[in-house]
Amino acid sequence: MASQRSSLDSQIFIIGCGISGIGAAQKLIKHGFRNVNIIEATGRSGGRIQTGRLGDNIVEIGANWIHGPSKENPVFRLACDYRLLDKQSMSEENQQIKMDGPTLFNPNWFSSSGQKLGPDVMGPAMELFIKLMEKSQQFNETGGEPLPSVGKFVKTEAERLAPEEWKEDPANIDLRMAMINTLLKMECCVSGTHTMDDVGLGAFGMYKTFPGLDCTFPGGYEGLIDNMMKGLPKDIVLYNKPVKCIHWNNTKNGPDTKTLPVLIECFNGETFAADHVIVTVPLGYLKKHKDTFLSPSLPLHKLHSIQRMGFGTNNKIFLEFEQPFWDDECELIYLVWEDETDLSDVVSDVKMSWIKKIFGFTVLRPTEKFGHVLCGWISGHESEYMETLSELEVLQSITQLLRKFTGNPTVAPRRLLRSQWFHHPYSCGSYTYVAKGCSGYDIDNLAEPLPLNGCNSKPLQVLFAGEATQRSFFSTVHGALMSGWREAERLISHYTPTSGSFTSKL
Ligand code: 6YU
């Protein structure tokens, strides 16, 4: 066992300067480790937390909300400590709101024949959908899921229940089924998947929520990253150094390595010797580079879990308008395609009809601050295709779409900004979902350090953090942060085995 002094001199490299990497560095440095560095592929910190600009407005290109802003949520605690939230978001009242179902925004509904629909027509579809989504989450505890995917379950149940539940109002059944399809497309954005048919029904309820009504950062999510970075040594991050390969188990020696077990090789040819490496690159990146990112290659069960887990695309399209076409109180605009009654949450011809995958738009609030700005949401292969089009092409298609749905031939966004997470070379998509056939064990496999337990070589050479490695809060900022802290604590308790469970607080 290394002495306390030499353990604090261990060479630790963290790959990726997203919130999980920054969180890991914070904890290790607070504990006293002296040689901690972060290697980041791009020229910035924050990864999938990225605040941008649309004209004078701040917009979030990546993460938007603190999901479940209440005391148990570490992102909420940090945001409060750094004074980044408004009063309303920090209020006890806000923190106590239970959020088991979807966030209930104040909606407007527009149909493809250019009509505005009312809650009397759409309300029952919303209620049925919410009920079915709640049911979908219960199979994780009860087991015995009747169908393999959330999509198949919701679609089958909606088709079975709708005629009975809406028998008093047969004229609206088709419109309500079309609305359920819109809600399925919305759920694809929430889950970050192409179709809800790809999301496993049994594992869906593994995702847990904290209480609290989702809130945003008035000054931008990146303020959180800036504040966290201020607490770290100045030159801790080595920017613009994409890592090509992590050679572990002493399989490759660099000029400065004699005894250290890991050698990190960057694409620019630079190498860094390490005792421990914490990998925080997104699951999308691992999926694409799994055969070359580690040498020796990842063990088979880890490789299989990387393949099985889902990592999809959810993109945003911000639009600025001179005048709103929505109601004063409206927070969310739904688009209902009247011909989509067969509950297919994918489009048949991506190139021709990608735009039909946009389920709707959230309204950026408050109006006094943002003016009239909408955020459109689009997931899946349709979203990936949208990324390949020019901004002008996207703007033209959206203008046509809005004219069709509002029946107003003069509606015209004056500015547009969209995200392109699928083609981002170091994200390769947006976030993780539990794909059909996945279970919590796949997430545990992703998080398992190398070498595997029981090997005689030096332990904890490569550790794995990042949102995809967190069983209950995958796909979120707080899940990512918790995973970074978890791996830092793994290293800390490795060097202080007698201290029992480690409870340091940042
Ligand atoms: C949340 C939200 N939100 C919208 C959109 C996106 C995401 N999330 P990072 O990628 O940050 O860092 C890794 C770094 O590694 C990065 O800097 C790379 O450049 C670097 N790297 C990669 N390869 C490298 C190499 N070879 N060498 C060196 N460096 C390399 N989360 O809490 N609230 O509102 C949203 C949203 C469009 C894209 C989000 C949201 C997800 C978070 O952004 C994300 O999880 C974390 O930032 C990841 O941090 P990290 O450190 O792990 O990786 C029931 C059920 C369903 C479950 N789903 C529920 C939905 C919850 C998700 N929420 C919604 C979505 C929105 C709107």
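Whatever order the structure lists ligands and atoms in, that order sets their numbers, starting from 1.
- Heavy-atom proximity to atom 60 (C) of ligand 1, evaluated over L481, V190, I246, is greatest for V190.
- Contact analysis leaves G205 out of contact with ligand 1, as no non-hydrogen atom separation drops below 4.0 angstrom.
- For a threshold of 3.5 Å applied to N or O pairs, the pair formed by S475 and ligand 1 contains at least one separation below that value.
- Across A63, P425, C245, C428, heavy-atom proximity to atom 36 (C) of ligand 1 is greatest for A63.
- Counted within 6.0 Å of NZ on K287, heavy atoms from surrounding residues, nucleotides or ligands total more than 12; the atom is thus considered enclosed.
- Contact annotation: P282 has at least one heavy atom less than 4.0 Å from an atom of ligand 1.
- Backbone and side-chain nitrogen or oxygen atoms of A41 are examined, and one is located within less than 3.5 angstrom of a nitrogen or oxygen of ligand 1.
- The distance criterion of under 3.5 Å between nitrogen or oxygen atoms is met by T476 with respect to ligand 1.
- Under the 4.0 angstrom criterion for non-hydrogen atoms, K244 is not in contact with ligand 1.
- A donor-acceptor pair under 3.5 Å links the side-chain atoms of N268 to the main chain of E270, judged by distance alone.
- Those atoms of ligand 1 that come under 4.0 Å of a heavy atom in Q137, given as number and element, are 54 (C).
- Heavy atoms of Y285 found under 4.0 angstrom from ligand 1 belong exclusively to the side chain.
- Under the side chain to side chain contact (heavy atoms under 4.5 Å, CB included) test applied with Y221, the options N64, I61, I66 reduce to a single match, I66.
- Listed by chain and number, the residues in a side-chain hydrogen bond (donor to acceptor under 3.5 Å, both in side chains) with E40 are T42 (sequence neighbours excluded).
- Close N/O approach between S20 and ligand 1 is found [any backbone or side-chain N/O within under 3.5 Å].
- By the criterion of a heavy-atom distance under 4.0 Å, neither the backbone nor the side chain of D214 is placed next to ligand 1.
- Here's the thing with E40: one of its N/O atoms is less than 3.5 angstrom from an N/O atom of ligand 1.
- For W377, every heavy-atom contact with ligand 1 shorter than 4.0 Å involves the side chain, none the backbone.
- Between V477 and ligand 1, an N or O atom pair is found at a separation short of 3.5 Å.
- Residue V243 places at least one N or O, backbone or side chain, under 3.5 Å from an N or O of ligand 1.
- Annotation: H67 places an N or O atom under 3.5 Å from an N or O atom of ligand 1; distance criterion only.
- Under 4.0 angstrom from ligand 1, the non-hydrogen atoms of W421 all belong to its side chain.
- Within the set K241, R48, K316, the minimum heavy-atom distance to atom 10 (O) of ligand 1 is found for R48.
- For K288, the NZ atom sits in a loose shell: 12 or fewer heavy atoms of surrounding residues, nucleotides or ligands are nearer than 6.0 Å.
- Checked against a 3.5 angstrom limit, the closest N/O atoms of N64 and ligand 1 fall inside it.
- Ligand 1 places these atoms under 4.0 Å from at least one heavy atom of G466: 52 (O).
- The stretch residues 421-451 participates, sequence neighbours left out, in these ring-ring contact (aromatic ring centres under 6.0 Å, His included) pairs: W421-H424.
- Under 4.0 Å from ligand 1, the heavy atoms of N314 that appear belong solely to its backbone.
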